[in-house]
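So the structure is just underneath, and the comments pick up after that.
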Amino acid sequence: MSETPATAEKQTYDFRRIEERWQPFWEQDGTFEVDPDDPRPKKYVCDMFPYPSGDLHMGHAEAFAIGDVPARYARLRGYNVLHPIGWDSFGLPAENAAIKNNAHPAEWTYSNIETQAASFKRYAISTDWSTRLHTSDPVYYRWTQWLFLQLYNRGLAYRKNSPVNWCPSCQTVLANEQVVEGACERCGTPVTKRALNQWYFKITDYADRLLDDMDQLQGAWPDRVLAMQRNWIGRSTGASVSFAVEGDDAEPISVFTTRPDTLYGVTFMVVAADADLAVQLVTETKRAELETYREGLKTVSEIDRQSADRKRTGVFLGRYAVHALTGEKLPIWASDYVLADYGTGAVMGVPAHDQRDLEFARAMDLNVNVVVDTGEEDPATSGVATAGDGIAINSPKWQGLAKDEAITRAIEVLEHDDAGTAKVNYRLRDWLLSRQRFWGAPIPIIHCRDCGEVPVPDDQLPVTLPTDMRGEQLAPKGQSPLASNEDWVSVDCPACGKPATRDTDTMDTFVDSSWYYLRYIAPHSTEEIFPTEQVNQWLPVEQYVGGVEHAILHLLYSRFITKVLHDLELVNFTEPFSALLNQGQVLNGGRAMSKSLGNGVDLGEQLDTYGVDAVRLTMIFASPPEDDVDWADVSPSGSAKFLARAWRIAQDVTSRAGTDPSQGAQQLRRVTHRVIADVQGLLEDQKYNVVIARVMELINAARKEIDSGAGPADPAVREAAETAAQILSLAAPYTAEDMWAMLGRQSSVANSVWPDYDEALLVQETITAVVQVKGKLRDKLEVSPDISEAELEAQALALPKIQKYIDDDGPVRKVIVKAPKLVNVVTS
RNA sequence: GCCCUCAUAGUCCAAUCGGUAGAGACAGCCGACUUAAAAUCGGUCCAGUGUGGGUUCGAGUCCCACUGGGGGCACCA
């Protein structure tokens, strides 16, 4: 903390020395701890918490460097900042490691967490470590279980038997969101279907609100994320239509259609072959055929089933439906091209105007009735269904109407005849949350022979995982390893006291992560899930930062849970994250880093070679935060060079701390204040890369002033150096802190006061006005910034060059003047 | 097929309201310092904004069409 007199011997910038000096300082000083009684306005900046898979990698380095910028800036602007950290510490990799190493998943998990925590401290994230939470701690998952029971009590958690996505490798079910192109998101194994009794959250009840509340997020969340969620929810409007079924006791079949105007074109009905409905409808003579068909489907992978050029297959069920309007007989078929879990699992076949139906009709030799004239070739001969707009034909009750009017009319007719109604349908399915694995929060339900499903009473929570299961005992067997632990499974029924069994499934880890941002407010509370009053003060999260890979899963689930909590009156807001920033990926050579490509870059090595600050600065400077960073295109050594250059400016300053800058070199002061003003706007706009460019500009200007201007003693140089240290503290905390100390200011720079810029210094003494003739630049003028339009026009027209153009091009038709920057002379 | 998004020097990227295409950096080249090199300092080269139209006095910026890259959804009736 020397005064660095001009005569003192200069040190060189040594990032290792600086890191070793300041990391312990921040920890002892409690620089980033949150005081709950702090009266200043609150700001909550949150990074998506990491999964503890080994040590931190380049992706973490980018995400957390970016997230730290708004957190640190809010601090400098005088906010009481909450910037917490935790771990998403349940999940399959821990279990796989445990099986391999004959250990308990907790060992691998908590050891990795410690490694990551140490790396985070080295990486100097401005975090309050007392907020730290782990979703695998009983003190946390007790409340995950409590949350489950709240949903259960509201009828939002239920069990149903239905065909589900099954990953044969992970030996567990998968949510729809976890199936990517027919394969398991985690391991890439083709997913198959299996009928299982599973737990679901009724997220579909919230489909409308999840969609409509996106209006609040417009502009504050990336467009593509909103688009993806909209896509995923997939609202489509149309009608439900009921078709009577021939036979004594047959229930009518209800279908959903977006094209009720094509009703007269229905020539057959199709039900999903894997749905119960098919079994109910089939006649005895066809039963065996249907069973054979259904058996065959089980072996077909999702990828094959979805391939477009597959042949249409199906079984006639031997039964007929009755057309709702014409009374015509319609054969009922079962096929795998109809999905059991969308709509009602049945469709009306309109081969003329739906490609899938047409292909099916051609394969099964069914009639094709054209009822919309689109001016295209007859689908029956072309093989191409005409799905576009057109005029209704062969449709007595809406003959001649255009598509939209025909749809409206068709719904009126259906409602009048009691045969159907307007209907909205969603692509979104209920959230399948049970997993047949060990390392997750057990579902707090007890199954009793007499009482059925019984929730675990509140005072018996948490239902903890056994701590003595390890290695092979955890191997996947198609049901949870917990099922084989009889001591754990056997329990007295809380309702009747008789012997009963625990539910042996565990919850999807997305349940854990759907509410952790609320828990950060009081991570150690054993009394309640979170303190509502304080949560309402801190939340919604003002800036949420994380990767776009969570655009649907985590973010949709969190939005859903927040709405449920709102309905339970536990929070007073309906959206958890007011603003979202998706940082890009870190690539190397144009591609994601991966072992198989051998292009991985080790974060630890980068930190050892260039220092923490240089790596952080590189991440931020490389590109706008939402763009990818290609490590092959950037220069951490260049960043290190710049940091040394900035650091030397602070070292060169010879004026004393507290020196009044007002008499300092005006030119440098103008730069400094311009930079402060610009940087504020850039930070608001999340253009963090440009912020760094501005500090570089400031450092360059200060260097010039020291070497060939007013010299190191000038107060403007100190002002520039202090400003640079403050801005740099957002991205390069070690260097900034050391500069701040060298400048004789009290640490920490992280809690310093952001400088006010002086408006007067932003005003230029003269400004360069451009003079155009017909929009082309022809001359320039140095003018006062407050010149009048008339004066500027007069000066511009008087310029000899401009006169010459006027003479050549003909008379002046119009002069556009935008004082003080531009004159455009329009000649004819 | 539908939807979102991007395209500016060799490279990564800037450019409030439509108003001088360049703030910053990497790489390159030249110079100063040095016995030499490194480090440092200074200087310098480099595009008319993917293509074609349109609006305008004026377009990187707004509109339309197309091309190319990235991403999402897709047998969803």
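A quick note: this is a predicted structure, and the numbers were derived from the prediction, not measured.
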Checking A:Arg312 against A:Tyr337: charged group under 6.0 Å from the ring centre and within 45 degrees of the axis? yes

Under 4.0 Å from OP1 or OP2 of [N]: is there any side-chain N or O of [X] that close?
X	N	answer
A:Asn231	B:rC4	no
A:Asn700	B:rA25	yes
A:Tyr342	B:rA77	yes
A:Arg703	B:rG42	no
A:Lys687	B:rA15	yes
A:Ser236	B:rA77	yes
A:Arg645	B:rG42	yes
A:Arg427	B:rA74	yes

Whole-Å distance separating the [atom1] atom of [X] from the [atom2] atom of [N]:
X	N	atom1	atom2	result
A:Asp628	B:rG71	CG	P	9 Å
A:Phe642	B:rA27	CZ	C1'	19 Å
A:Leu617	B:rC12	CG	C1'	14 Å

Heavy atoms only, 4.0 Å cut-off, all strands: where does [X] land among base, sugar-phosphate and nothing?
X	result
A:Lys818	base
A:Val826	sugar-phosphate
A:Pro222	nothing
A:Glu697	sugar-phosphate
A:Asp633	sugar-phosphate
A:Lys641	sugar-phosphate
A:Arg230	nothing

Please classify the glycosidic conformation of B:rG18 as syn (within 90° of 0) or anti (everything else). anti

Given the 90°-from-0 boundary between syn and anti, B:rC17 should be labelled syn

Proximal nucleotide (of [options]) relative to the [X] side chain:
X	options	answer
A:Ala693	B:rC75, B:rC3, B:rA23	B:rA23
A:Val634	B:rG19, B:rC12, B:rC75	B:rC12
A:Thr768	B:rA77, B:rC57, B:rU20	B:rU20
A:Asp354	B:rU40, B:rA77, B:rA15	B:rA77
A:Asn689	B:rA14, B:rC57, B:rU20	B:rA14

Could you identify the nucleotide paired to [N], looking across every strand shown and requiring Watson-Crick or G-U wobble geometry with both distances under 3.5 Å?
N	result
B:rA7	B:rU67
B:rC57	B:rG19
B:rC73	B:rG1

A:Arg648/A:Asp652 ion pair, N-O < 4.0 Å: no

Any salt bridge between A:Arg362 and A:Glu359, counting N to O under 4.0 Å? no

Report, as yes or no, whether the 6.0 Å neighbourhood of atom CZ on A:Arg230 holds more than 12 heavy atoms from other residues, nucleotides or ligands. yes

Are a donor atom and an acceptor atom from the side chains of [X] and [Y] found within less than 3.5 Å of each other?
X	Y	answer
A:Tyr13	A:Thr735	yes
A:Asn425	A:Arg235	no
A:Glu376	A:Thr386	no

Let me know, please, whether A:Gly343 or A:Met696 comes out on the 5' side of the other along RNA chain B by nearest nucleotide. A:Met696

5' precedence on RNA chain B between A:Asn824 and A:Ala769 (nearest-nucleotide basis): A:Ala769

Got a donor-acceptor pair under 3.5 Å from the side chain of A:Arg312 to the base of B:rC75? yes

